[in-house]
Amino acid sequence: MYPYLRVARILARAAFKPRAGLDDVSELALRVWPSDIDTYPEMNNGRFWTIMDLGRYDLAFRMGLMQMARRKGWYFVVAGGSIRYRRRLPPFARFTLRTALVGHDGRWFYFVQEFVHRGRIAAQAVIRAGLRTKTAAIPSVAVLKTFGREDWAPPLPEWVKAWTAAEETRPPL
């Protein structure tokens, strides 16, 4: 089940946090709840993906991007991602979800997200995401122009470029 109550809580709290810039990092203090675990018991691998939405929502809301998207009738989409699991997150464990927007390629935005438990990275992911209307994707450069930040163009980390290149060469089964 999707964590709608968590989303509502994250967005309500984001309204009282300082405004974030494109280069800022969102940090959310979270906990592994029984609805997050699988039979092993630890946080389910699929739940990591769902929880990462919360970090991107917090950052987008605090940037003002979510509000702008809502006014324009745009919505957020994830176009790809890769995660590396390093350590388990047991039931009731407290962890920090860190989310950073690390760049764009003119078409997509790239986020890096980390789950940190007891000072160590439990999982790290790269996410390719963007905005779209009902009929078309909106290039990241157009989003930035509308946002008034067309000058924002940090170089993508080399490992993100390598991941993107690998994704483009993946053949169908």
(request) Give the cluster check for Met63 versus Val102: same hydrophobic cluster or not, with ILVMFWY residues linked at side-chain heavy-atom distances below 4.5 Å. (result) no
(message) Can you give me the closest heavy-atom contact between Ile37 and Pro41, atom names plus distance?
(response) CD1-CB, 4.1 Å
(request) Please report the closest heavy-atom contact between Ala125 and Met52, naming both atoms and the distance. (result) CB-SD, 3.5 Å
(message) Quick check on the hydrophobic clustering: are Phe48 and Tyr2 connected, directly or via other members, by side-chain heavy-atom contacts under 4.5 Å?
(response) yes
(request) Could you check if a side-chain atom of Asp36 sits within less than 4.5 angstrom of a side-chain atom of Arg6, using non-hydrogen atoms only? (result) yes
(request) Measure the CG-CG distance between Asp151 and Leu22 for me, rounded to the nearest 0.5 Å. (result) 8.5 Å
(message) With a 4.5 Å cut-off on side-chain heavy atoms, are Trp49 and Val78 touching?
(response) no
(request) Can you sort out the partners of Glu167 under side chain to side chain donor-acceptor pair (under 3.5 Å), two or more places apart, ordered by chain and number? (result) Arg170
(message) Are more than 12 heavy atoms, taken from residues, nucleotides or ligands other than Arg107, located less than 6.0 Å from that residue's CZ atom?
(response) no
(request) Give the cluster check for Trp108 versus Val143: same hydrophobic cluster or not, with ILVMFWY residues linked at side-chain heavy-atom distances below 4.5 Å. (result) no
(request) Indicate, with yes or no, if Phe76 and Leu11 share a hydrophobic cluster defined by side-chain heavy-atom contacts under 4.5 Å among Ile, Leu, Val, Met, Phe, Trp and Tyr. (result) yes
(message) If you define the side chain from C-beta out and look only at heavy atoms, does anything of Leu156 sit under 4.5 Å from Trp163?
(response) no
(request) Would you name the heavy atoms of Gly103 and Pro154 that are closest together and state the gap between them? (result) CA-CG, 4.0 Å
(request) Please examine the side chains of Tyr40 and Arg88, heavy atoms only from C-beta on, and report whether any two atoms are closer than 4.5 Å. (result) no
(message) Could you measure the distance from the CZ atom of Arg98 to the CG atom of Leu59? Nearest 0.5 Å is fine.
(response) 14.0 Å
(request) Could you tell me the separation between the OH atom of Tyr110 and the CD1 atom of Ile127, rounded to the nearest 0.5 Å? (result) 11.5 Å
(message) Any heavy-atom pair between the side chains of Pro90 and His117 that's under 4.5 Å?
(response) yes
(request) Determine the interplanar angle of the His104 and Trp152 rings, folded into 0 to 90°, and report it as parallel if under 30°, tilted if 30 to 60°, perpendicular if over 60°. (result) parallel
(request) Using a 4.5 Å cut-off on heavy atoms from C-beta on, say whether the side chain of Arg132 contacts that of Trp74. (result) no
(message) Could you tell me if the side chain of Trp159 sits less than 4.5 Å from the side chain of Val112, heavy atoms only?
(response) yes
(message) What's the separation between atom CZ in Phe115 and atom CG in Leu89, rounded to the nearest 0.5 Å?
(response) 7.5 Å
(message) Measuring only between side-chain heavy atoms, which start at C-beta, is Ile138 closer than 4.5 Å to Thr146?
(response) no
(message) Under a 3.5 Å distance rule, please check whether Arg87 uses its side chain to pair with a backbone N or O of Ile121 as donor and acceptor.
(response) yes
(request) Step through the shown structure and confirm whether more than 12 heavy atoms of other residues, nucleotides or ligands are within 6.0 Å of CZ on Arg13. (result) no
(message) Please check this pair: side chain of Gln67 against backbone of Phe61, looking for a donor-acceptor N/O pair closer than 3.5 Å.
(response) yes
(message) Heavy-atom count check: over 12 atoms from other residues, nucleotides or ligands less than 6.0 Å from Lys161 NZ?
(response) yes
(message) Would you call the rings of Phe92 and Trp33 parallel, tilted or perpendicular, taking 30° and 60° as the class edges?
(response) perpendicular
(request) Check step by step if side chain to side chain contact (heavy atoms under 4.5 Å, CB included) holds for Met43 and Phe95. (result) CA-CA 11 Å; Met43 185 183 283; Phe95 64 93; 3.7 Å; yes
(request) Kindly check if the number of other-residue, nucleotide or ligand heavy atoms within 6.0 Å of CZ (Arg86) is above 12? (result) yes
(message) Is it the case that over 12 heavy atoms from other parts of the model lie below 6.0 angstrom from the NZ atom of Lys17?
(response) yes
(message) Rounded at 0.5 Å granularity, tell me how far CG in Leu28 sits from CD1 in Ile51.
(response) 9.5 Å
(message) I'd like to know if Leu101 and Val160 are part of one continuous hydrophobic network [Ile/Leu/Val/Met/Phe/Trp/Tyr, side-chain heavy atoms within less than 4.5 Å].
(response) no
(request) Enter the distance from Ile83:CD1 to Glu114:CD here, rounded to the nearest 0.5 Å. (result) 11.0 Å
(message) Quick check against the 3.5 Å criterion: does Tyr57 have a side-chain atom that pairs as donor or acceptor with the backbone of Val7?
(response) no
(request) State plainly whether the residues Arg56 and Asp58 are in salt-bridge range, i.e. N to O under 4.0 Å. (result) no
(message) Between Asp24 and Arg62, does any NZ, NE, NH1 or NH2 come within less than 4.0 Å of an OD or OE carboxylate oxygen?
(response) no
(request) Without swapping roles, check the side chain of Ser140 against the backbone of Gly106 for a donor-acceptor pair under 3.5 Å. (result) yes
